[in-house]
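This report refers to the structure that appears directly beneath it.
Per chain, numbering begins at 1; letters A, B, ... match sequence-line order.
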Protein chains: 2
Amino acid sequence: MYKVKEVAEIAGVSVRTLHHYDKIGLLHPGALTDAGYRLYSDENLEVLQQILFFKEIGLPLEEIKNILDRPDFDRKKTLEVHKELLLEKKLRIEKMIQTLDNTLQTLKGGRKMESKELFNGLSMKEIKEHQAKYADEVRDKYGKEMTENVDKKTSAYSETDWSDIQTTTNEIYYRIIANMAKGPDDAEVQTAVGEWRQLITERYYDCTLEIFRGLGDLYVADERFTKNLNKYHENFAPFLQEAIHHYCDQHKN
Amino acid sequence: MYKVKEVAEIAGVSVRTLHHYDKIGLLHPGALTDAGYRLYSDENLEVLQQILFFKEIGLPLEEIKNILDRPDFDRKKTLEVHKELLLEKKLRIEKMIQTLDNTLQTLKGGRKMESKELFNGLSMKEIKEHQAKYADEVRDKYGKEMTENVDKKTSAYSETDWSDIQTTTNEIYYRIIANMAKGPDDAEVQTAVGEWRQLITERYYDCTLEIFRGLGDLYVADERFTKNLNKYHENFAPFLQEAIHHYCDQHKN
DNA sequence: ATTGACACTAACGCAACGTCAGCGTTTACG
DNA sequence: CGTAAACGCTGACGTTGCGTTAGTGTCAAT
């Protein structure tokens, strides 16, 4: 028979935890002294180990109680269901990390973008700067000739070409806005989003899915973008982000 | 100026959430009616979007408050630190899933092991059954000739060979127990664990790291094993599990 | 004037303990 | 044997991000 502190040390848990398990009926000590001190038997210790094992796996105490209380409880199914939960959790976290990475990428190059101009109304110089943020990444993936290529692309535009691009951009934006009510995953919205990416690729730089997603995040994370986009329509920025996310998810495979 | 419900619908959050954000000072409405109704401005909506963006990433509200309150707050560092947290979380979950998988594997073959005997005192028949649980998995990885090979291995032992094996096993167990005080990652313990795996591989079946780890989990998850092992020394089973986990972690790369 | 629809403010609930606070018990030491 | 240290006990609040009543007030329409 061991007292709380001993058990706590043996099992590597806190005394409070044992109190807790006692209170919620997960593990009652085998006996009590006259003074009301908890005394745990060897058998209690074994059960505690089982509890800790299931806990390590991430099962909630309530489930553990079920498993231990009734031997007829379907352990296998419980564990399988739990595994699904864990897999979902993992996916969610991976998505978060993805988004975070994109945002960080964006922030890294951020210093170069101190201009008051916003993406849609960017001057050629600024467009190039924006593209430059991804230069390293792009270089890594496709070799250096591409980056130089991009450089030529943007600098070659004349002023008229430029306003042409803006017009097209506006067109796409308005097509999206016209369909906002139908949600970010609406077919027309998605088509427009695809064209938007297409435009970027053609005229600025190869807009990979990753970069594109980063752009979507940027629209919400950077208030300069947000404010500008929301001039078109309130909540346009977040809507666009969602739409781009959806687009990237769809085209992922 | 929008009332709570409108904002809730636009942003896709609950009214309660807005109340909450108001109370904790994360997002106060721009104005109040005489009756005390909350009125949100367009600017408020933008901020809300930012909040939701950071929330999606998994940042706690308190951090979000910091980021929004003071523009000089180091966003980048915060996000980087947060990313580390997420990566750790992901690792933990992956470990859980691993352990779960092992346990499930064990449970699947469980019906075949209804014998009252325990691993250490197993008859040849039972050893084969135990090994059979991993047969599919092994077959997938190394081809079928191996599985058959194992079959021959165990059935070829004479009774004397058998008791020899038991003796060796006991020896290893006692060596481990002698060093329990030094912890599961003690060098001698780890050596013994390695020999134990070696023995299994030589005499029973190729004990991959995965299978070995599964065995460790089994010692704690299946009370028949637990009880038997704890006859050697109380808490031997969980100790062995930890030691095996450590061993597998070390030999992973 | 009544009736919905909508708004407000508490305040409890959840998961799994951490962390005091206030107070009794056991043990070791002089 | 007295006393202090070490240990034990029981509340009860704090944490995180809201969900969920509960009780009550306000606004627009009939």
Notebook entry, point to check: Passes salt bridge (Lys or Arg N to Asp or Glu O under 4.0 Å), B/R175 versus B/E188? Steps please.
Noted result: CA-CA 8 Å; B/R175 277 227 317 282; B/E188 296 193 52; 5.8 Å; no
Next item on the list: For the residue pair B/D42 and B/Y2, confirm or rule out a side-chain donor-acceptor distance under 3.5 Å.
Entry: yes
Note to self: For A/E62 and B/E6, find the nucleotide of DNA chain C closest to each by heavy atoms; which residue's nucleotide sits nearer the 5' end?
What the structure shows: B/E6
Note to self: Rounded to whole Å, please give me the gap between NE2 in A/H20 and P in C/dG18.
What the structure shows: 9 Å
Next item on the list: Check the pair B/D249, B/K95 against side chain to side chain contact (heavy atoms under 4.5 Å, CB included), reporting the backbone distance first and the verdict last.
Entry: CA-CA 11 Å; B/D249 288 345; B/K95 264 185 94 169; 4.1 Å; yes
Next item on the list: Can you tell me the distance, in whole Å, between the CG atom of B/L18 and the P atom of C/dC8?
Entry: 9 Å
Margin query: As an exercise, state the distance from CD1 of B/I176 to CD of B/Q190, rounded to the nearest 0.5 Å.
Written below: 9.0 Å
Item checked: Side chain of A/L61 - closest among C/dA7, C/dT27, C/dA16 -> C/dA16
Note to self: What is the separation between atom CD1 on A/I24 and atom C1' on C/dA16, rounded to the nearest whole Å?
What the structure shows: 8 Å
Checklist line | Worked check of side chain to side chain contact (heavy atoms under 4.5 Å, CB included) between B/R213 and B/Q98 | finding: CA-CA 9 Å; B/R213 184 186 289 273; B/Q98 259 262 14; 3.9 Å; yes
Check: Would you say A/T33 reaches C/dT25's phosphate, i.e. side-chain N/O to OP1/OP2 under 4.0 Å?
Finding: no
Notebook entry, point to check: Any side-chain N or O of A/H19 less than 4.0 Å from the OP1 or OP2 oxygen of C/dC17?
Noted result: no
Check: CD of B/E9 versus P of C/dA5: gap in Å, rounded?
Finding: 14 Å
Item checked: Start and end of chain A contact along DNA chain D [non-hydrogen atoms, under 4.0 Å] -> D/dC7 to D/dA12
Check: Just how far, in rounded Å, is P of C/dC6 from CG of B/L39?
Finding: 16 Å
Next item on the list: Flag the pair A/M180 / A/F236 as yes when at least one side-chain heavy-atom distance between them is below 4.5 Å, and no otherwise.
Entry: yes
Check: Tell me: CD of A/E63 to P of C/dA15, nearest whole Å?
Finding: 11 Å
Next item on the list: Rounded to the nearest angstrom, tell me the gap between atom CZ in B/R16 and atom P in C/dC8.
Entry: 12 Å
Check: Centroid-to-centroid, B/F212 to B/W196, below 6.0 Å?
Finding: no
Notebook entry, point to check: Which residue, B/K3 or A/V15, contacts DNA chain D at a nucleotide closer to its 5' end, judged by nearest heavy atom?
Noted result: A/V15
Next item on the list: Would you mind classifying the nucleic acid contact of A/K23 as base, sugar-phosphate or nothing, using non-hydrogen atoms under 4.0 angstrom?
Entry: nothing
